[in-house]
Amino acid sequence: MKSRVVSREISDNRFNPRFLKFIELFVPIDTHEKLFPKECRTCGRTYGSLSEYLLRTVAKGHTLDNAEEVMGEPFTMTYRHCACGNTLVLTFTAETYPVLGELWSMLGEEARSAGKPLNEAVMDFVDQWERYMLAHAKRHREV
Ligand SMILES: [Zn+2]
């Protein structure tokens, strides 16, 4: 029984190497001044960093939206729900996350090579991103 739990933990710690590179590039902008602190206008909760935002909000439905075509420049939005239920939108641009275009090319390639819709590849990415941030935050707390 115990070994089954352990093996699941190990498989949960696996990351798609294609994703990992881009996930790691979010670490330096964890407290980017253009993004944080972010305050929920409904309940007043404040999110001081990207990891806090990812860990204390819940992703529902589609979570990363590429609006580059509409905006005419790299522009990605994340939609996550505050504990109060309000939707908190976070926007990434070339200024906050310089490899935004490459991120979407990678996600497109991942979807094509895995033979799945883009939104599924995006969900996988966000899933692993959350998991990475969780592990990162845990390590940080232990120090
Ligand atoms: Zn709220």
Side-chain angles (χ1 to χ4, degrees), residues 4-143:
R4 198 193 283 168
V5 172
V6 169
S7 70
R8 192 166 62 203
E9 272 173 14
I10 290 167
S11 71
D12 277 353
N13 284 328
R14 280 195 198 127
F15 294 98
N16 180 329
R18 269 183 180 166
F19 291 174
L20 195 56
K21 181 186 149 199
F22 287 93
I23 290 170
E24 282 170 343
L25 289 171
F26 278 104
V27 175
I29 66 160
D30 198 45
T31 54
H32 198 290
E33 57 174 14
K34 294 264 168 172
L35 299 171
F36 299 100
K38 181 152 189 78
E39 194 187 346
C40 173
R41 285 187 198 144
T42 304
C43 72
R45 277 185 183 82
T46 306
Y47 299 86
S49 65
L50 185 56
S51 38
E52 204 184 338
Y53 171 79
L54 286 171
L55 297 175
R56 291 178 52 216
T57 59
V58 180
K60 278 182 188 165
H62 75 289
T63 54
L64 271 184
D65 206 9
N66 185 3
E68 181 166 354
E69 272 184 34
V70 182
M71 302 300 289
E73 59 184 343
F75 198 95
T76 296
M77 290 171 290
T78 64
Y79 299 83
R80 299 179 65 91
H81 296 255
C82 183
C84 74
N86 185 32
T87 305
L88 293 172
V89 183
L90 202 63
T91 304
F92 297 108
T93 60
E95 190 187 356
T96 45
Y97 190 78
V99 293
L100 216 44
E102 287 92 330
L103 170 68
W104 285 101
S105 313
M106 179 279 289
L107 289 169
E109 258 170 53
E110 175 65 20
R112 269 192 302 277
S113 68
K116 55 180 157 193
L118 178 62
N119 70 328
E120 263 182 48
V122 174
M123 298 259 250
D124 288 349
F125 178 81
V126 173
D127 218 49
Q128 294 187 30
W129 186 19
E130 282 176 22
R131 201 143 42 74
Y132 181 92
M133 286 299 199
L134 192 65
H136 196 75
K138 263 188 200 157
R139 268 203 305 275
H140 194 71
R141 266 201 299 273
E142 278 161 16
V143 172

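Atoms within each ligand, like the ligands themselves, are counted from 1 in listed order.
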| said: According to side-chain hydrogen bond (donor to acceptor under 3.5 Å, both in side chains), does anything in residues 23-32 pair up with another residue at least two apart or in another chain? List the pairs. | reply: Asp30-Ser51
| Out of curiosity, Thr78 OG1 to Leu64 CG, how far, rounded to the nearest 0.5 Å? | 6.5 Å
| task | Just the protein N/O/S atoms under 2.8 Å from the Zn ion (ligand 1), please, no waters. | result | Cys40 SG, Cys43 SG, Cys82 SG, Cys84 SG
| request: Could you tell me whether Glu130 and Arg80 make a salt bridge, using a distance below 4.0 angstrom between a side-chain N and a carboxylate O? | output: yes
| said: Can you classify the ring geometry of Phe125 versus Phe26 as parallel (below 30°), tilted (30 to 60°) or perpendicular (above 60°)? | reply: tilted
| request: Look at the rings of Phe92 and Trp129 and say which category their plane angle falls in: under 30° parallel, 30 to 60° tilted, over 60° perpendicular. | output: tilted
| query | Any donor-acceptor pair under 3.5 Å linking the side chain of Lys38 with the backbone of Val89? | reply | yes
